[in-house]
Amino acid sequence: MNQYIAQLALVVADYDEAIDFYVRKMGFTLIEDTLISETKRWVVVAPPSTGSCKLLLAKAATDEQKSRIGNQTGGRVFLFLHTDDFWRDYKRLQAHNIQFIRQPSEEEYGTVAVFADLYGNLWDLIEARQKSTFMN
């Protein structure tokens, strides 16, 4: 059996502001932006590497969905962005005024920092020391 998670839905307030953040500030690639109806689009972004899990930017349509914007996991780190060059990506994110919640630290598993996206969802930026089941 061969299975994998292809994409995750991330609830956003506005398609265009989310695209701007993930593509321009984070350096992700816009994979698809298809109009489905007058109010709904299929918007997919991904980090610039092959085989990455993609994010479906899903605009909140109900009050309950709107209440989840920026807090889909109750304040826990939600997404984990692995990199082959921590300091390059850390400096890029800083240059785009992305807020770091926890500054870089050296951990047993690698270099890590926590940042918030435009809505407040928490992300780990990680450069792993070595492959392990803990980090993959």
Is the side chain of [X] donor-acceptor paired with the backbone N or O of [Y] at a distance under 3.5 Å, no angle test?
X    : Y    : value
Q72  : V11  : yes
Y109 : R129 : no
D124 : I126 : no
S37  : K40  : yes

Looking only at heavy atoms, which two atoms of [X] and [Y] are closest? And how far apart?
X   : Y    : value
Q65 : A61  : OE1-N, 2.7 Å
G70 : N121 : C-OD1, 3.2 Å
C53 : A46  : O-CB, 4.4 Å
A13 : Y119 : N-OH, 3.2 Å
A60 : I69  : CB-CD1, 3.8 Å

Inter-residue atom distance [X].[atom1] - [Y].[atom2], 0.5 Å rounding:
X   : Y   : atom1 : atom2 : result
L79 : T73 : CG    : OG1   : 8.0 Å
K25 : R92 : NZ    : CZ    : 11.0 Å
R76 : N71 : CZ    : CG    : 12.5 Å
S49 : F28 : OG    : CZ    : 9.0 Å

*Are the charged groups of D33 and R41 less than 4.0 angstrom apart, N to O?*
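Looking at D33 and R41, the cut-off is met.
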Just checking [X]: does its [atom1] atom have more than 12 heavy atoms from other residues, nucleotides or ligands closer to it than 6.0 angstrom?
X    : atom1 : value
E64  : CD    : no
I36  : CD1   : yes
R88  : CZ    : yes
W42  : CH2   : no
E108 : CD    : no

Treat each ILVMFWY residue as a node, draw an edge where side-chain heavy atoms are under 4.5 Å apart, and state whether [X] and [Y] are in one component.
X   : Y    : result
F78 : F21  : yes
L93 : F80  : no
I19 : L35  : no
L10 : F115 : yes

*Ring-ring centroid check F100 Y90, cutoff 6.0 Å*: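 F100 vs Y90: aromatic centres under 6.0 Å.
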*Name the one of D14, D20, V12 that satisfies side-chain contact (heavy atoms from CB on, under 4.5 Å) with D16?*
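That would be D14.
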*Report the residue from V44, V43, L55, L56 that forms a side-chain contact (heavy atoms from CB on, under 4.5 Å) with I31.*
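Exactly one pass, corresponding to V44.
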_CA sep, side-chain torsions, deciding dist, call: T111, E127, side-chain hydrogen bond (donor to acceptor under 3.5 Å, both in side chains)_ = CA-CA 5 Å; T111 307; E127 181 178 355; 5.2 Å; no
In the structure I gave you, are the side-chain heavy atoms of [X] and [Y] within less than 4.5 Å of one another anywhere?
X    : Y    : result
M26  : L81  : yes
W87  : P104 : yes
L125 : V112 : no
V23  : V45  : yes
L118 : I98  : no

*For the pair W123 and Y22, name the ring-plane relationship: parallel under 30°, tilted 30 to 60°, perpendicular over 60°.*
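If you compare the ring of W123 with that of Y22, the planes turn out tilted.
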*Kindly indicate, with the supporting measurements, whether the criterion salt bridge (Lys or Arg N to Asp or Glu O under 4.0 Å) is fulfilled by E17 and K59.*
CA-CA 11 Å; E17 74 180 3; K59 184 176 177 182; over 6 Å; no
